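If you're wondering where the values come from, they're calculated on a predicted model, not measured in any experiment.
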Amino acid sequence: MSLRIIYGRAGSGKSTYCLNEIKASLEQGNNTRHIIIVPEQFSFQAEKRLIKALGSSGINGAEVLSFGRLSHRVLGEVGGLVRKHINPAGKSILVYTIMERLKNDLRVFARAAGKHGFVNTLCGIISELKRYNITPEALTGLENASISPQLSDKLHDIGLIYEDFEKRLHDKYIDSDDDLDLLAQRLQQYKIFESSEIWLDEFSGFTPQEYVVIGKLMSMAFRVNVSLCTDCLSEDYAPEDTD
């Protein structure tokens with residue numbers, strides 16, 4: 001169980017270094033399974049690079065996943081996908097219905113539900129709040145903070161809608177934004193990570209949900225490698241003046 005940071009500027013060869021390390025490990029006959037985690041949009045490109053580096057016969061000991069694919073893999077095998085995922089249209093309908101039901105309690109958004117694009121914007125806000133582990137109770141606690149009355153009223157309305165959304169959603173469905181929370185809860189039941197080496201590559205940053213999952217992986221895996229696009233890990237670093 002260890003953490004290794006691999007860092008360098010963009011284009012400096014971090015991904016190539018990771019693939020060469022994986023190739024060397026497999027050629028030495030190690031039984032360690034290598035799991036490369038990349039953002040969803042880079043998964044196809046990463047799979048192509050992996051096949052090119054290892055060859056079709058060498059990819060049995062390595063695979064490419066995103067956090068989303070990882071959650072579906074784990075939850076599909078250990079349980080957790082018992083409820084159907086709500087799609088974006090269903091999510092919008094649910095938020096619109098909640099706004100109509102709560103319109104007498106809303107301070108700012110009472111007449112906004114019918115405005116073009118507003119419900120989709122609110123769905124996006126709820127998704128962002130979930131990614132950063134901000135609960136409806138946390139928003140309620142900000143109402144008495146030293147903020148403007150306008151912001152306080154908006155937080156009040158978002159908190160009410162968000163709280164009711166969570167209650168109604170989980171009666172029958174699950175939100176894809178909750179997948180990483182479920183993954184973190186069930187990850188230790190998926191024993192394959194206990195002898196695996198994890199490689200996190202192509203990320204520009206991580207959300208709090210992803211940090212929790214990474215922490216769980218660190219407690220289980222042989223080693224976690226994180227590739228960072230940076231010149232230096234020290235906060236005191238200052239680039240040299242090139243003038």
Side-chain angles (χ1 to χ4, degrees), residues 1-81 85 87-88 131 176-184 186-207 209-231 233:
M1 180 178 66
S2 64
L3 173 67
R4 180 170 62 163
I5 305 296
I6 302 163
Y7 65 94
R9 296 181 180 182
S12 59
K14 298 183 296 296
S15 297
T16 301
Y17 175 83
C18 294
L19 291 174
N20 288 338
E21 286 274 294
I22 293 170
K23 182 178 181 180
S25 173
L26 295 175
E27 287 178 346
Q28 292 169 9
N30 295 332
N31 293 325
T32 303
R33 181 159 188 80
H34 298 272
I35 299 172
I36 306 169
I37 302 176
V38 297
E40 186 67 47
Q41 65 270 27
F42 294 122
S43 58
F44 178 69
Q45 182 181 357
E47 286 174 341
K48 287 179 62 178
R49 288 202 306 261
L50 180 65
I51 294 172
K52 183 177 180 180
L54 304 183
S56 58
S57 61
I59 60 173
N60 290 330
E63 64 179 319
V64 175
L65 296 171
S66 64
F67 278 110
R69 290 164 67 181
L70 176 63
S71 65
H72 280 272
R73 168 79 62 81
V74 174
L75 297 176
E77 294 198 21
V78 305
L81 295 177
H85 278 84
N87 60 35
R131 291 189 189 108
S176 59
D177 294 316
D178 296 322
D179 284 351
L180 290 187
D181 291 331
L182 286 173
L183 173 62
R186 304 292 179 90
L187 195 55
Q188 290 183 319
Q189 300 176 34
Y190 196 63
K191 300 302 182 182
I192 191 173
F193 291 117
E194 293 180 356
S195 57
S196 298
E197 185 164 6
I198 312 296
W199 304 79
L200 293 146
D201 192 23
E202 301 285 3
F203 287 95
S204 58
F206 300 100
T207 67
Q209 281 184 323
E210 291 168 345
Y211 275 122
V212 173
V213 173
I214 293 170
K216 296 286 186 178
L217 290 171
M218 287 178 60
S219 69
M220 300 172 62
F222 162 69
R223 180 166 61 187
V224 173
N225 304 273
V226 182
S227 173
L228 300 177
C229 186
T230 180
D231 288 333
L233 298 180

CA sep, side-chain torsions, deciding dist, call: E63, R69, side chain to side chain contact (heavy atoms under 4.5 Å, CB included): CA-CA 11 Å; E63 64 179 319; R69 290 164 67 181; over 6 Å; no

Give the C-alpha distance, both sets of side-chain angles, the deciding distance and a yes or no for side chain to side chain contact (heavy atoms under 4.5 Å, CB included) between V226 and F203. CA-CA 9 Å; V226 182; F203 287 95; over 6 Å; no

Before you tell me yes or no, could you show the steps for I37 and I214 under side chain to side chain contact (heavy atoms under 4.5 Å, CB included), namely the whole-Å CA-CA distance, both residues' side-chain angles and the distance that decides it to 0.1 Å? CA-CA 10 Å; I37 302 176; I214 293 170; over 6 Å; no

Step by step, would you call C18 with I36 a side chain to side chain contact (heavy atoms under 4.5 Å, CB included)? CA-CA 9 Å; C18 294; I36 306 169; over 6 Å; no

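In this structure, the separation between CG on L3 and CG on L217 is 11.5 Å, given to the nearest 0.5 Å. The distance from the NZ atom of K14 to the CG atom of D201 is 7.5 Å, given to the nearest 0.5 Å. R73 CZ to L65 CG: the interatomic distance, rounded to the nearest 0.5 Å, is 5.0 Å. With rounding to the nearest 0.5 Å, the separation of OG in S196 from CE in M220 is 8.5 Å. If you take CZ on F193 and CZ on R33, they are separated by 10.0 Å, rounding to the nearest 0.5 Å. Between H72 atom NE2 and L182 atom CG the span is 10.5 Å, to the nearest 0.5 Å.
When all heavy atoms of L187 and V213 are compared, the pair lying nearest together is CD2-O, 4.0 Å. Contact between A53 and K23 at its shortest, heavy atoms only, is O-CD, 3.5 Å. Minimum heavy-atom separation, A10 to C229: N-SG, 3.5 Å. Nearest heavy atom pair, residue S71 against residue D179, reads OG-CB, 3.8 Å. Residues G205 and E210 come closest through the heavy atom pair O-OE1, 4.1 Å. The shortest heavy-atom contact between I198 and A221 is CG1-CB, 3.8 Å.
Judged by distance alone, with hydrogens and angles left aside, the side-chain atoms of S43 form a donor-acceptor pair with the main-chain N or O of E40 at under 3.5 Å. Put simply, the side chain of D231 never gets that close to the backbone of G8: no donor and acceptor are under 3.5 Å apart. Side-chain N or O atoms of R223 include none that pairs as donor or acceptor with a backbone N or O of W199 at under 3.5 Å. Remark: side-chain polar atoms of E202 are not paired, donor with acceptor, to backbone N or O of Q41 under 3.5 angstrom.
Between F67 and F206, the two ring planes are perpendicular [angle over 60°; tilted spans 30° to 60°].
For the pair L54 and I22, the minimum side-chain heavy-atom distance is below 4.5 Å.
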